[in-house]
Amino acid sequence: MPAALLRRLLLPAVLILATAPAAAADISDGFESGRIDPQLWAPCPRAENRFFIEETVVRSGRYAAGMALLPDATMPPAIPKAEIARRRSGCLDTAPGAVFKPEDDQRAELWLQSTEPPGTDHWFGFSFRIDSPDAGAGGNRLVIGQWKQNGSQSPLLAQRFKGGAFHLTVEQETASPGRQCRVLVAWQDGYDFSDFPDGTRSFLHGGTDELDAEPPDHAAECSRGLAIDRTAPLPSPFGAWVDMVVHLRVAGRPDDLVEIWADGRPVATVRGPIGVPGGGDQYFKFGPYRDPSPAPLVVRFDDFGRGGSFAAVDPRRFDQ
């Protein structure tokens with residue numbers, strides 16, 4: 001037997017596995033085509049937003065995607081309307097003749113065209129940054145990045161901002177008709193917990209719309225069956241790229257799992273029932289969604305991946 005083959009047979013199995021190439025992401029988009037691909041993404045065009053390709057502020061490569069609320073003349077030009085597909089857009093007020101009202105919610109979201117059945121075990125990775133110093137100031141609600149179920153429920157996992165502080169929440173079904181439980185699972189150092197009453201990190205809310213105005217309250221049924229392990233704070237994406245990796249397996253069951261990494265470091269692990277049992281297909285959308293605000297907001301988005309492992313979607317793969 002040749003010596004090289006003998007040495008390979010004697011190697012520990014774990015070492016052989018460690019040197020095998022990582023599986024590729026089933027969706028990978030660094031926007032290096034110089035466009036927002038309508039086969040992958042459905043922009044939600046509205047009077048208050050703009051989608052563009054960024055050539056100056058990028059995470060890696062030559063291009064990134066950009067989205068702005070209340071854009072000004074300094075922004076790159078909007079992507080051509082011919083590249084806007086609405087197959088996955090829930091932006092109902094983009095119908096012909098719709099008029100934007102300043103008191104309405106504001107959003108500039110890209111919807112991933114591909115959906116997944118409940119309970120699918122998938123990894124998501126992407127880089128993003130916010131270049132608007134006033135974004136998220138005060139109590140104005142701002143969400144940038146959501147994993148949702150088909151239907152009107154709040155996102156099962158959401159990236160949120162309050163007072164400029166980055167945090168993530170999950171949602172649970174409750175025994176109270178028409179209500180959901182929102183649970184804080186990851187946050188930036190210095191986060192203001194005043195949204196979560198009585199020193200808790202969860203509350204009941206209306207559950208039918210992301211921007212509902214019903215005052216939150218706490219109940220014993222919140223955080224039911226959840227085990228949350230927070231291992232590190234979230235970094236700030238204001239003026240700096242943050243690399244996110246999120247692992248989800250969610251179907252409203254006790255064995256649900258959410259794992260969160262930022263800049264290659266584990267941030268939080270959540271185990272227990274998340275979302276609504278028996279819910280529809282799950283989907284991902286990225287971009288700002290907020291209460292009315294007069295402050296311009298610019299977000300850049302790069303190095304997206306959806307796949308079957310951390311290595312397949314880690315944004316740092318684009319650095320190699």
Exercise for the section: Determine, step by step, whether Asp291 and Lys162 satisfy the salt bridge (Lys or Arg N to Asp or Glu O under 4.0 Å) criterion, reporting the C-alpha distance in whole Å, the side-chain angles of both residues, the deciding distance to 0.1 Å, and the verdict. Expected result: CA-CA 12 Å; Asp291 290 333; Lys162 178 189 174 187; over 6 Å; no
Problem - Shared hydrophobic cluster for Phe166 and Val298 (ILVMFWY, side-chain gaps under 4.5 Å) - result: no
Handout entry: Salt-bridge present (Arg230, Asp189; N to O < 4.0 Å)
Key = yes
Exercise for the section: May I ask you to decide if Arg253's main-chain N or O and Asp256's side chain share a donor-acceptor pair within less than 3.5 Å? Expected result: yes
Handout entry: Arg224 side-chain N/O to Glu173 backbone N/O, donor-acceptor pair under 3.5 Å
Key = yes
Completion exercise
So CD1 of Ile53 and OG of Ser33: to nearest 0.5 Å the spacing works out to 6.5 Å
Exercise for the section: Please assess Asp131 against Arg300 for the test salt bridge (Lys or Arg N to Asp or Glu O under 4.0 Å), listing each intermediate value before the final yes or no. Expected result: CA-CA 8 Å; Asp131 291 295; Arg300 273 88 173 186; 2.9 Å; yes
Practice task
Assign the ring pair Phe193 / Trp187 to parallel, tilted or perpendicular, where the plane angle (0 to 90°) is split at 30° and 60°.
Solution key: perpendicular
Practice task
Mind telling me whether Phe128 and Phe126 have parallel, tilted or perpendicular rings, with 30° and 60° as the class edges?
Solution key: tilted
Handout entry: Trp241 side chain to Asp302 side chain, donor-acceptor N/O pair below 3.5 angstrom
Key = no
Handout entry: Test item: Arg249 side-chain N/O and Asp255 main-chain N/O as donor-acceptor pair under 3.5 Å
Key = yes
Handout entry: CD1-CE distance between Ile260 and Met244, expressed to the nearest 0.5 angstrom
Key = 6.5 Å
Handout entry: Parallel, tilted or perpendicular, as decided by the 30° and 60° cut-offs, for the rings of Phe284 and Phe304
Key = parallel
Handout entry: Closest non-hydrogen atom pair between Arg265 and Pro233, with its separation
Key = NH2-O, 3.7 Å
Handout entry: Side chain proximity check, Ser293 to Gln106, heavy atoms < 4.5 angstrom
Key = yes
Practice task
Would you confirm whether Asn49, through its side chain, and Cys44, through its main-chain N or O, come within 3.5 Å as a donor-acceptor pair?
Solution key: yes
Fill in the blank from the handout: Correct closest heavy-atom pair for Pro315 and Asp303 would be O-OD2, 3.8 Å
Practice task
Kindly say whether Arg62 contributes a backbone atom to a donor-acceptor pair with the side chain of Glu55 at under 3.5 angstrom?
Solution key: no
Practice task
Take Ile274 and Leu257 through the test side-chain contact (heavy atoms from CB on, under 4.5 Å) and record every step on the way to the result.
Solution key: CA-CA 8 Å; Ile274 298 169; Leu257 173 67; over 6 Å; no
Fill in the blank from the handout: Which of Val185, Val170, Leu184 passes side-chain contact (heavy atoms from CB on, under 4.5 Å) with Ile228? Answer is Val185
Exercise for the section: Considering non-hydrogen atoms only, spot the tightest contact between Gly307 and Val313 and give its length. Expected result: N-CG1, 3.3 Å
Practice task
Measure the spacing between CZ of Arg160 and CD of Gln146 and express it to the nearest 0.5 Å.
Solution key: 7.0 Å
Handout entry: Gap between atom CG of Leu157 and atom OG1 of Thr169 - 0.5 Å precision
Key = 7.0 Å
Practice task
List the steps, then state whether salt bridge (Lys or Arg N to Asp or Glu O under 4.0 Å) holds for Arg316 with Asp314.
Solution key: CA-CA 5 Å; Arg316 296 173 299 174; Asp314 182 4; 2.9 Å; yes
Handout entry: Hphob cluster co-occupancy, Phe318 + Trp261, side-chain heavy atoms under 4.5 angstrom
Key = no
Problem - Backbone of His167 reached by a side-chain donor or acceptor of Gln188 within 3.5 Å - result: no
Fill in the blank from the handout: One should read off an interatomic distance between Phe238 CZ and Ser132 OG, to the nearest 0.5 angstrom, of 8.0 Å
Practice task
Answer with yes or no after comparing the ring centroid distance for Phe286 and Trp41 against a 6.0 Å cut-off, counting only values under it.
Solution key: no
Handout entry: Ionic contact status for Asp29 with Arg306, cut-off 4.0 Å
Key = no
Handout entry: Where Leu156 and Gly275 come nearest, the two heavy atoms and their spacing
Key = CB-CA, 4.3 Å
Exercise for the section: Take Met67 and Leu297 through the side-chain contact (heavy atoms from CB on, under 4.5 Å) test and state the conclusion after the steps. Expected result: CA-CA 8 Å; Met67 50 212 74; Leu297 172 62; over 6 Å; no
Problem - Arg317 atom CZ, neighbour heavy-atom count above 12 within 6.0 Å - result: yes
Exercise for the section: Give me the ring orientation class for Trp123 and Phe310: parallel if the planes are under 30° apart, tilted from 30 to 60°, perpendicular past 60°. Expected result: perpendicular
Problem - Beyond-backbone contact of Val143 with Pro288, side-chain heavy atoms, under 4.5 angstrom - result: no
Practice task
Check Val242 against Pro237 and note the closest heavy-atom contact, atom names and distance.
Solution key: CG2-CA, 3.7 Å
Handout entry: Side chain proximity check, His122 to Asp26, heavy atoms < 4.5 angstrom
Key = yes
Problem - Exam field: side chain Glu48 to backbone Arg107, donor-acceptor pair closer than 3.5 Å - result: yes
Handout entry: Thr115 side chain vs Gln282 backbone, donor-acceptor pair below 3.5 Å
Key = no
Problem - Salt bridge present between Arg141 and Asp105 (N-O < 4.0 angstrom) - result: no
Practice task
Verify, without hydrogens or angle tests, whether Arg129 (side chain) and Gly239 (backbone) share a donor-acceptor contact under 3.5 angstrom.
Solution key: yes
Handout entry: Interatomic spacing from CD in Glu259 to CG in Asp229 - rounded to 0.5 Å
Key = 10.0 Å
Exercise for the section: Check whether Ile79 and Phe31 end up in the same hydrophobic cluster, where Ile, Leu, Val, Met, Phe, Trp and Tyr are linked by side-chain heavy atoms less than 4.5 Å apart. Expected result: yes
Problem - Side-chain (Arg50) to main-chain (Pro76) donor-acceptor, under 3.5 angstrom - result: yes
Exercise for the section: Flag yes if Val276 and Leu226 sit in one hydrophobic cluster, no otherwise; membership is Ile, Leu, Val, Met, Phe, Trp, Tyr, and two members link when side-chain heavy atoms are under 4.5 Å apart. Expected result: no
Practice task
Determine, using the 4.5 Å side-chain heavy-atom cutoff (strictly less than), whether Ile27 and Ile36 are members of one ILVMFWY cluster.
Solution key: yes
Fill in the blank from the handout: In short, Ala268 meets Thr231 closest at the heavy-atom pair N-OG1, 4.1 Å
